[in-house]
2 protein chains.
Amino acid sequence: MNMYTPLRQQIERFVKLSDAEWNMLLPHLEIRKIRKHDRFAEEGEKAHEIGFVLEGMFRHFYIHQGEERTTYFYFENHFITSYISCITGQPSQLTIEALSDATLIVFPYRVLAGFFEINLNWQKFGRLIAEYLAIGLEERMVGLLTLSPEERYLELIQGNKKKIIERIPQHYIANYLGITPVSMSRIRNRVLKK
Amino acid sequence: MNMYTPLRQQIERFVKLSDAEWNMLLPHLEIRKIRKHDRFAEEGEKAHEIGFVLEGMFRHFYIHQGEERTTYFYFENHFITSYISCITGQPSQLTIEALSDATLIVFPYRVLAGFFEINLNWQKFGRLIAEYLAIGLEERMVGLLTLSPEERYLELIQGNKKKIIERIPQHYIANYLGITPVSMSRIRNRVLKK
DNA sequence: GCTTTTTATTATCTTTTGTTATCGTTTTGA
DNA sequence: TCAAAACGATAACAAAAGATAATAAAAAGC
């Protein structure tokens, strides 16, 4: 049991790794401390690193007409990266910012990409991660298309996303639900009275 | 050049296949004709097939409070399947319906899944397909979260999704944009006057 | 500990959207 | 070919959301 154990455990929720396979990655890992408000990825810059959150939390946001629109949150034991920038090589559209002081395990995407090409098991990990992402995005999209803002709020407070409600400032959550902070406050008020 | 060539070409936009690799798949392919309004996948049933559209078009929809909500369209040279049902093994949440008479190449998902486990190149194909999906879903989600319905409509008619506007009934497009058909009609009217 | 900044609520006003219904037009299928 | 169904535009009204501003409470930073 060391600093890196949570990362291995998380990877092994997707594929079992032999010690040899794990040792391929180990030398490339780095522990990085990040202060609140610091950024892990920046809009306009190519992302080339993957982070794994040991402590702390993050949000990611897009900039639309000069305004930040927060669309996702990350907590302990999750990966953070501008995934699309990594896989396409294009500049990132999104910025990832620490919402608290945080500790990450960091490694370069190109190391992982290298493993993909030579090892079936790592390639499979790449597939399963992408599938995991796609499933999450699909669910999210369907919610946005088929539920009203109030229904989305109710789903959030009743569902398995408790961490978000408990730990994230409300105006960011409003963004996440696709509404304004004022509107969210009204919805809370409405829901309370029922 | 035969019936199956478009499928091979499409796969090879993701990974180059040796003839040997292509021949792994070939014996499992089937040509299937589908009539307008027929279904390729059905809500509540486990999906186990992947289709590739040779001719025709499809929509997929979810059922929310008894109403169909169309969220995506498929045209020639695209894959259709309840992807999430295939990879999770859970019953499909969505239904795929032909919007015109159509011709498909069909093969079982389990065949592909078998290839994943024994061939690095096919495994890579699986990863790249999932990544492709994730990128599309992410773009879509960001549009829903950051653009107004009118902006989404403008993006649709100006962007590279011309096929949708040209070939799909308007009330389905309204669903796709996350608004009601009536609201979409108003937006069209507003946009026209500018 | 105290000031500044951030955050959430509330009120007002305007705009947009949803709902329902009506009415031509087009498409479909028997 | 002809009746039925599907489709799109529009109107009227209600409900909800956006924009803005004022205020209060909480958190952050020095």
Side-chain angles (χ1 to χ4, degrees), chain A residues 34-38 56-59 61 64-70 73 97-102 143-157 164-194, chain B residues 34-38 56-59 61 64-70 73 97-102 143-157 164-194:
Chain A
I34 285 196
R35 306 274 300 274
K36 184 171 178 174
H37 295 140
D38 281 356
M57 52 188 186
F58 293 79
R59 68 182 177 117
F61 60 87
H64 176 67
Q65 298 179 344
E67 287 195 344
E68 295 178 3
R69 297 293 185 93
T70 298
F73 309 105
E97 184 191 273
L99 288 168
S100 66
D101 290 354
L144 288 167
L145 284 174
T146 66
L147 304 180
S148 68
E150 185 167 324
E151 287 172 315
R152 295 203 289 276
Y153 174 75
L154 288 171
E155 193 178 72
L156 186 69
I157 62 173
I164 292 179
I165 286 291
E166 286 163 7
R167 297 174 59 181
I168 302 288
Q170 196 169 306
H171 62 290
Y172 292 144
I173 300 178
N175 275 196
Y176 175 83
L177 293 174
I179 55 180
T180 61
V182 176
S183 185
M184 172 153 172
S185 181
R186 278 190 293 232
I187 287 172
R188 283 165 59 83
N189 192 288
R190 245 181 359 238
V191 168
L192 212 70
K193 285 177 184 161
K194 286 178 183 171
Chain B
I34 284 195
R35 307 276 299 275
K36 183 171 177 174
H37 294 140
D38 281 355
M57 53 188 184
F58 292 78
R59 69 180 177 117
F61 60 89
H64 176 65
Q65 298 178 344
E67 288 195 343
E68 296 179 2
R69 298 295 184 90
T70 299
F73 309 105
E97 183 191 274
L99 287 168
S100 66
D101 290 355
L144 288 168
L145 284 173
T146 66
L147 304 180
S148 68
E150 184 167 327
E151 288 172 314
R152 294 203 290 276
Y153 174 75
L154 288 171
E155 193 178 72
L156 186 70
I157 62 173
I164 293 180
I165 286 291
E166 287 162 6
R167 298 174 59 182
I168 303 287
Q170 196 169 307
H171 63 290
Y172 292 145
I173 300 178
N175 275 196
Y176 175 83
L177 293 174
I179 55 180
T180 62
V182 177
S183 186
M184 173 152 170
S185 182
R186 279 189 291 235
I187 287 171
R188 284 165 58 83
N189 192 289
R190 236 168 24 225
V191 167
L192 213 71
K193 286 179 182 156
K194 284 179 184 168

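Just so we're on the same page: letters track the sequence lines, and every chain starts at 1.
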If you find the nucleotide of DNA chain C closest to A:Tyr172 and the one closest to B:Ile187, which residue's nucleotide is nearer the 5' end? A:Tyr172
Give the rounded distance in Å between these two atoms: [atom1] of [X] and [atom2] of [N].
{"X": "B:Ile173", "N": "D:dA9", "atom1": "CD1", "atom2": "C1'", "answer": "15 Å"}
{"X": "A:Ile179", "N": "D:dA16", "atom1": "CD1", "atom2": "C1'", "answer": "11 Å"}
{"X": "B:Glu68", "N": "D:dC7", "atom1": "CD", "atom2": "C1'", "answer": "15 Å"}
{"X": "B:Glu150", "N": "C:dG18", "atom1": "CD", "atom2": "P", "answer": "13 Å"}
{"X": "B:Leu147", "N": "D:dG18", "atom1": "CG", "atom2": "C1'", "answer": "16 Å"}
{"X": "A:Arg59", "N": "C:dT7", "atom1": "CZ", "atom2": "C1'", "answer": "14 Å"}
{"X": "A:Arg167", "N": "D:dA27", "atom1": "CZ", "atom2": "C1'", "answer": "17 Å"}
{"X": "B:Asn175", "N": "D:dG8", "atom1": "CG", "atom2": "P", "answer": "12 Å"}

Heavy-atom pair of closest approach, residues [X] and [Y]:
{"X": "A:Arg35", "Y": "A:Ala98", "value": "O-CB, 3.7 Å"}
{"X": "A:Lys36", "Y": "A:Asp101", "value": "N-OD1, 2.8 Å"}
{"X": "B:Tyr172", "Y": "B:Thr70", "value": "CD2-OG1, 3.4 Å"}
{"X": "B:Leu177", "Y": "A:Leu145", "value": "C-CD2, 4.1 Å"}

For the pair B:Ser100 (side chain) and B:Gly56 (backbone), establish whether a donor and an acceptor sit closer than 3.5 Å, ignoring hydrogens and angles. no
Categorize A:Pro149 for me: base, sugar-phosphate, or nothing, with a 4.0 angstrom heavy-atom threshold over every strand shown. sugar-phosphate
Distance check: side-chain N/O of [X] vs OP1/OP2 of [N], anything under 4.0 Å?
{"X": "B:Asn189", "N": "D:dT10", "value": "yes"}
{"X": "A:Arg188", "N": "C:dA8", "value": "no"}
{"X": "B:Ser185", "N": "D:dG8", "value": "no"}
{"X": "A:Arg152", "N": "D:dA17", "value": "no"}
{"X": "B:Gln170", "N": "D:dA9", "value": "yes"}

For nucleotides 24-30 of chain C, print each protein N/O atom paired with a nucleotide N/O atom at under 3.5 Å, atom names and distance only.
| from | atom 1 | to | atom 2 | distance (Å) |
| --- | --- | --- | --- | --- |
| C:dT28 | OP1 | B:Lys36 | NZ | 3.1 |

Testing C:dT20, C:dT17, D:dC7 for proximity to the side chain of B:Val182, the answer is C:dT20
Taking the side chain of B:Thr180 as its heavy atoms from C-beta onward, which of C:dG18, D:dT10, D:dA21 lies nearest to it? C:dG18
Count the heavy atoms belonging to other residues, nucleotides or ligands that lie under 6.0 Å from CD of A:Glu155, then report whether that count exceeds 12. no
Check the side chains of B:Arg69 and A:Thr146 for a donor-acceptor pair under 3.5 angstrom, ignoring hydrogens and angles. no
Tell me which of B:Arg186 and B:His171 sits closer to the 5' end of DNA chain D, going by the nucleotide each one is nearest to. B:His171
Measuring only between side-chain heavy atoms, which start at C-beta, is A:Leu147 closer than 4.5 Å to B:His64? yes
